[in-house]
Amino acid sequence: MPPKRKAQAAVDSDDYDSPGEEALSDQETFDKLKEAFDVVAMSKRARATHAIDQASFLFKKCDQWDAALKPDHASRPLWIDDAGRIILESFSPVFDEAQDFLINIAEPQSRVSRMHEYTLTAHSLFAAVSVGHSSQEIIQKLNEFSKTALSPSVVAFIEKSTSSFGKAKIVLKKTLSYIESDDPAILQRLLRDPTIASCRADTTDGLIKEAAPKIGVMAIPGTKMAAGANQLAQSAATAEPQRPDEMIASLREEDDDEEVAQVHSFQIKSEEREKVIKRCQDIGLPLTEEYDFNNDEVNAKLDIDLRPHAQIRYYQEKALSKMFSNSRARSGIIVLPCGAGKTLVGITAACGVKKSVIVLCTSAMSVVQWRAEFLKWSNISPEDIAVFTSESKNRFPRNAGIIISTYTMITSTRNRSYDSEKVMEFIRSREWGLLIADEVHVVPANIFKKVTYSIASHSKLGLTATLLREDDKIEDLNFLIGPKLYEANWQELSEQGHIAKVQCAEVWCQMTPEFYTEWLKPSSVQKRALLSIMNPRKFQACQFLIDYHERRGDKIIVFSDNVYALEKYARKLNKAYIYGATPQAERLRILENFQHNEMVNTIFLSKIGDTSLDLPEATCLIQISSHYGSRRQEAQRLGRILRAKRRNDEGFNAFFYSLVSKDTDEMFYSSKRQAFLVDQGYAFKVITRLEGLEQRPDLAFSSPQDRRELLMDVLLAKDTDADEEKIAGDMFGSKYASTGGRAKKKNGVRRTAGTLSELSGGQDMAYIEYNKSRNKDLKAKGVKNDFLRKLQRGSAGAKKK
Ligand SMILES: Nc1ncnc2c1ncn2[C@@H]1O[C@H](COP(=O)(O)OP(=O)(O)OP(=O)(O)O)[C@@H](O)[C@H]1O
């Protein structure tokens, strides 16, 4: 097929044909789909007796399970196969309700526009139980939403997974760690395990027995109480809704009549905390970690509240309500898109707990931003908020306060200065109410173990946008921090104007003949990488896009992981650039200019700007070199423009371009990188030709002579020029390089072909869709709330949007 027709076909069919491949026929596409979903063809009998429809072939057949569609299946939104894979129809009238429920009990896998995919896993069910769902409720609700009866294996899996969850807790008392349960048999069972027994700190045979603390437990519509309040949970499901104050009052009355409840516990060695948590998870008795901060009279109160202007958004409230739903702080992870306001979630949690807080970030730059955000959103007194980085080593003067630091400062033991050691002693010697772990997905397990060994914290809140790692170590976080408490939907937030709508495009840049000839020669991987990045056509595409978007009034960030290319591009185009070695003062000056100076509309950033850079002026992002197939990096880079200030302007779109040299490794890595964003509902268009580029005589490297000189430069460059930038304290490191950043699960992504003018809104269908901005109506949905007031009243239930 000639290239033009092929590109058109790709638009029409919404499919992507990889270069050099013929488009697939319908039959082939169908066969591929079947293969991809591991379909076991339905038997003849099943075909005869079961209703056949367009989606049934996606589900494994199970002989013992009557998977006939329910008569009213059309009004039910879920397909659930017998392996626990769930497909949710996003066009269903009960979509919101079903989504709210699924978020609590299953892992979102992919949320494209019409269908969302979730999976039931032991971890997700643990999270469900720890936020108060009972197994009965999970089964009943799934059945209600499902188009077919639930398969017995799914029911058995839910029952088995949830039966032992929430039975034992890990608690901290006076900096010592205890395993606690109201059922002594559970603790005896744990102690029969040799690994757990070897971690026990007390040498007695018996268990410690004491009165259970009285807690104002409350029921939230749609959820249940914490462990130990099961009967109440069941009656809450059927009873008339009660006002929160009535609920608490009735609980107290009941408490008064009852005998004092007992809790049993044994102490474990603090340095073995993670080992015990992991072991308990492995043997099917995962521990929950909850902090009864209201009744903690040992640790000093922190004087902190949100400022009146801080209005947390409904999804921030929903996330926090999972953490605080029973008036205790439950450890776990909150997943919100980049730019959706994780910092304010952390700050609100700190205002809820009102005890000393320690915040850990990935870089010194984030530390500065976290401090500024604390001062902006809360009334904390500046001296109560200390910073511990290589440049400043402060402590707070009063009994309670906040320390913000980096993972590296807390965990590196080599060559610690006297001042650092003093701050570490200060950190180690006290109990912390809350540990906030920012960008938690990047923290390797061994580092986090060191963190928890040094920091005795009652509760932990992990914050991240992308709960994924290319090395599949993400599961470690379940025992290091706690279950995932909430995960927001990117497209929903962008529809509502909380994050910007983004047009994503991959621009294919032909290699020039001289560069491609060199690329084809046997040479080092590094040299090939440099040749692909420095491809003159890519350079021209970058220059063209910068001009195009500057003329539109955009502010542009160009990302290059490769510092050699970063400098070459930026110098040639006379733009400012920042990388690891740029001094702090210069960085701030450049960023300041980018924000406020009309003459500075483009900056070049190395991977140092991937995370935590809050530049709401940026509206366009061009990526010229990236880190293999890291889905995490792609998402975080996109995050730099999701926070665009202009996001609520009528018809506004931010732009994300990824420039790839055609027919090189960059094509392969680019599609890997996009997988996560595609799962979040973003569609990448492919731009094969930048209209008007050929007519621009002023572009760099237009003459063969210039191109030859550039090639000579690249050939003379050292292999190390292609190496990954090393940034002190960088947590992302080169671990992804070892896997080549290969996405293990999701390989396929969708590309559609397009031109630049289409992408900018000239002719594109997608544009017309996006252009019907609902932002104005939706603005009203940025619900005002007073979460903290409710938290203090003990009624922090999630509000429905
Ligand atoms: N409820 C809110 N009201 C007003 N502004 C908010 C609210 N929540 C967040 N913001 C603003 O949104 C922007 C992005 O927030 P933040 O930096 O916390 O995002 P993030 O989720 O941490 O992103 P990233 O993962 O990219 O670091 C900030 O300018 C912040 O002040």
Side-chain angles (χ1 to χ4, degrees), residues 306-320 333-351 359-363 365-378 404 436-443 461-468 486-490 493-494 496-500 502 557 559 591 595 605 607-619 621 631-648 654 656 676-677 680 731-732 778-788 799 801:
L306 283 188
R307 287 185 189 277
H309 72 84
Q311 297 292 341
I312 58 171
R313 297 171 182 155
Y314 82 87
Y315 58 88
Q316 292 170 323
E317 175 171 347
K318 260 190 188 176
L320 284 159
I333 299 170
I334 290 176
V335 187
L336 294 180
C338 304
K342 287 181 281 299
T343 319
L344 186 52
V345 168
I347 294 169
T348 313
C351 297
V359 183
L360 297 182
C361 316
T362 50
S363 68
M365 205 147 107
S366 312
V367 171
V368 175
Q369 285 193 356
W370 265 92
R371 187 170 192 279
E373 292 280 299
F374 258 108
L375 294 172
K376 173 176 165 192
W377 295 111
S378 79
I404 310 177
I436 300 177
D438 193 23
E439 310 287 359
V440 71
H441 58 287
V442 300
V443 192
L461 171 62
L463 297 171
T464 177
T466 52
L467 206 45
L468 44 88
Y486 182 76
E487 179 167 356
N489 179 335
W490 293 51
L493 300 200
S494 103
Q496 293 166 357
H498 297 303
I499 53 176
V502 183
I557 300 177
F559 269 110
L591 294 176
Q595 281 167 289
L605 291 181
K607 70 174 186 182
I608 195 141
D610 283 357
T611 52
S612 310
L613 196 60
D614 194 14
L615 285 178
E617 288 72 21
T619 50
L621 202 149
R631 296 165 294 165
R632 190 264 317 147
Q633 191 186 51
E634 192 90 344
Q636 274 174 328
R637 287 197 169 160
L638 180 81
R640 297 317 102 207
I641 45 173
L642 288 181
R643 47 186 79 215
K645 243 189 212 162
R646 288 165 47 198
R647 63 180 181 270
N648 284 315
F656 178 29
F676 173 77
L677 291 178
Q680 303 307 322
M731 306 291 304
F732 307 128
L778 291 166
K779 256 189 188 169
K781 285 197 178 176
V783 192
K784 288 188 178 176
N785 63 62
D786 46 2
F787 180 80
L788 286 172
K799 201 179 230 164
K801 61 177 166 126

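When a ligand or atom number is given, it counts from 1 through the structure's own listing order. This is a predicted model, so every value here is computed, not measured.
- Judged as a side-chain hydrogen bond (donor to acceptor under 3.5 Å, both in side chains), and not counting sequence neighbours, Y486 has no contacts.
- When all heavy atoms of A635 and W490 are compared, the closest pair comes out as CB-CH2, 4.1 Å.
- Applying the 4.0 Å criterion to heavy atoms of T343 picks out, from ligand 1, the atoms 16 (P), 17 (O), 18 (O), 22 (O).
- If you look at Y315 next to ligand 1, there are no close heavy atoms at all, none under 4.0 Å.
- No heavy atom of H498 sits closer than 4.0 Å to any atom of ligand 1.
- Shown in contact with R640 at under 4.0 Å from a heavy atom are these atoms of ligand 1, numbered in order with element: 24 (P), 26 (O).
- Between the side chains of Y314 and Q496, at least one donor N or O lies within less than 3.5 Å of an accepting N or O.
- In summary, the atoms of ligand 1 found under 4.0 Å from a heavy atom of K376, numbered by their order in the structure, are 31 (O).
- Contacts between Q369 and ligand 1, counted as non-hydrogen atom pairs separated by less than 4.0 Å, are absent for every part of the residue.
- In terms of modelled atom types and a separation under 3.5 Å, the side chain of Q316 and the main chain of L344 share no donor-acceptor contact.
- Closest heavy-atom approach to atom 21 (O) of ligand 1 within the set Q311, K342, H309: this belongs to K342.
- For the ligand labelled ligand 1, residue P337 lies inside the 4.0 Å heavy-atom shell.
- With a heavy-atom cut-off of 4.0 Å, C338 touches ligand 1 through backbone and side chain alike.
- For ligand 1, the polar-atom distance check finds an N/O of G339 within less than 3.5 Å of one of the ligand's N/O atoms.
- Atom OG1 in T343 sits 5.5 Å away from atom CD in E373 (nearest 0.5 Å).
- We find the OG1-NZ distance between T464 and K342 to be 6.5 Å, quoted to the nearest 0.5 Å.
- The two residues I499 and P337 make their nearest non-hydrogen contact at CD1-CB, 4.0 Å.
- The shortest heavy-atom distance from L344 to ligand 1 is under 4.0 Å.
- For A340, the closest heavy-atom approach to ligand 1 falls below 4.0 Å.
- Between L320 and I312, the shortest heavy-atom contact is CD1-CD1, 4.0 Å.
- Considering backbone and side-chain atoms alike, G341 places an N or O below 3.5 Å from some N or O of ligand 1.
- For the pair C338 and L638, the minimum side-chain heavy-atom distance is 4.5 Å or more.
- Contact atoms of ligand 1 toward E373: 31 (O) (distance under 4.0 Å to a heavy atom of the residue).
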